[in-house]
Amino acid sequence: MLNRLPIPAQFDRIIVVGATIAVLGALPIAAVLIALLLLDELTAPEVVFWAVAALIVAGALGTVLLPNIVHAAVSLVATLLGVAGIYLLLGSEFLALVQLLVYGGGVTILLLFGLMLTRAADDPVIADGAQKPFAFGVAALIGGIFVAAVLDANWSQTDAAAIGIRDIGQRLFRDYGVPFEIASLVLLVALIGAIAIARSDQPEPEAAEAEEVTT
Amino acid sequence: MIPEQFGRVGVLMLFALSFPALPLIVSQLFYRLRIRPEHPDPVKNATYECGVESEGSAWGQFNARYYLFALGFVIFDVEVVFLYPWAVNHAGLALGALVKAAVFIGVLAFGLAYAWRRGALEWR
């Protein structure tokens, strides 16, 4: 009997753990939501809202509770994508797109690259420490303040129509042309600055040839 | 109106996600029920069936040069955010919008040319 390689073994474990979480966590929620939908207790957008909210909460819990920091980062992606779903439910198509591209794409890439590039050992980083109870206390305090503020707020009941992405395009290109072009200059400065900083240590193309190419 | 349209996309997405997920789950289930035989060997367990053989673990440290590609990706990611309102409605916008978008792309193309000139796109 040949020994199994470590990576597929991990993969198998991830499948088992994922399926277990899905069966124990997501399926009851989905069943309850579908039952309420069929009983006309909830409308379809409400069902989607509760499903997305469950995804956000599960992802946030995974972010802070998973010991492996890469798993926590992937869990954060689920939360960020869920927030994009909330924006879609609110009719803010453009905000959902920005959330998806900037947070789901850019910030996640920077976060995961930061983890991939700086890890010293060959083992997954275990991000768990003695400060966990204190962190829990602080998080509970801030969460309590947020919940109190939300419950205390006087929500205005205006039926404001969502601003469509076409309106944003009209305003952006008709009324805000100069700021739009300046945004491209800001991006240009960021790009050139990133290259200048990242390349400053290797000015000569030939000098870097001898460096070893690692994984 | 918009949530409804995206709801249809969401249903399609769930349907698409079930394609890779279901065989894995069913396979694991059959293994637990002792229906599926289990005869692993290193070739079967390789990450890729064909292509370059992978070396080491994915948990290892990666070369810091990848970070430049990540930064470049983020810059052009934000460019997409700015160009999307133009792209979905370019027929409804005036000709000036086309010029503005062209200038926007041109300025960033200058950045891409600079990156190319400095050799930031090369692996070295």
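Below, read A as the first sequence line, B as the second, and so on, with proteins coming before strands; counting in each chain starts at 1. Everything numeric in this text was worked out from a predicted model, so none of it was measured.
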For this session: Assess the pair B:Tyr84 and A:Phe94: is the distance between their ring centroids shorter than 6.0 Å?
Result: no

Looking only at heavy atoms, what is the nearest atom pair of [X] and [Y], with distance?
{"X": "B:Gly72", "Y": "A:Leu191", "value": "CA-CD1, 4.3 Å"}
{"X": "B:Pro85", "Y": "A:Gly169", "value": "CB-CA, 3.6 Å"}
{"X": "A:Gly106", "Y": "B:Asp77", "value": "N-OD2, 3.3 Å"}
{"X": "B:Leu108", "Y": "A:Leu188", "value": "CD2-N, 4.1 Å"}
{"X": "B:Ile75", "Y": "A:Ala190", "value": "CD1-CB, 3.5 Å"}

Per-residue contact mode, [X] against chain B (heavy atom under 4.5 angstrom):
{"X": "A:Val102", "answer": "both"}
{"X": "A:Leu187", "answer": "both"}
{"X": "A:Leu185", "answer": "both"}
{"X": "A:Leu172", "answer": "side chain"}
{"X": "A:Arg174", "answer": "backbone"}

For this session: Identify which of A:Leu100, A:Ile168, A:Leu97, A:Val98 forms the greatest number of heavy-atom pairs closer than 4.5 Å to chain B.
Result: A:Leu97

Exercise. Are the side chains of B:Val74 and A:Phe113 in touch, meaning some heavy atoms are under 4.5 Å apart?
Worked result: no

Seminar exercise, completed: Rounded to the nearest 0.5 angstrom, the CZ-CD1 distance for B:Arg117 and A:Ile195 is 12.5 Å

Exercise. How far apart are the C-alpha atoms of A:Gln170 and B:Asn89, what are their side-chain angles, what is the distance that settles it, and do they pass the side-chain contact (heavy atoms from CB on, under 4.5 Å) test?
Worked result: CA-CA 8 Å; A:Gln170 291 280 358; B:Asn89 194 25; 3.9 Å; yes

Could you tell me which portion of [X] (side chain, backbone, both or neither) has an atom closer than 4.5 angstrom to a non-hydrogen atom of chain A?
{"X": "B:Ile105", "value": "neither"}
{"X": "B:Phe69", "value": "neither"}
{"X": "B:Leu68", "value": "side chain"}
{"X": "B:Phe104", "value": "both"}

Problem set entry | Most chain A-contacting option - heavy-atom pairs closer than 4.5 Å, from B:Ala70, B:Ala101, B:Ala115 | B:Ala70

For this session: Could you tell me how the ring of A:Phe173 sits relative to the ring of B:Trp86: parallel (under 30°), tilted (30 to 60°) or perpendicular (over 60°)?
Result: tilted

Exercise. Quick check: are there more than 12 heavy atoms from other residues, nucleotides or ligands sitting under 6.0 Å from OH of B:Tyr114?
Worked result: yes

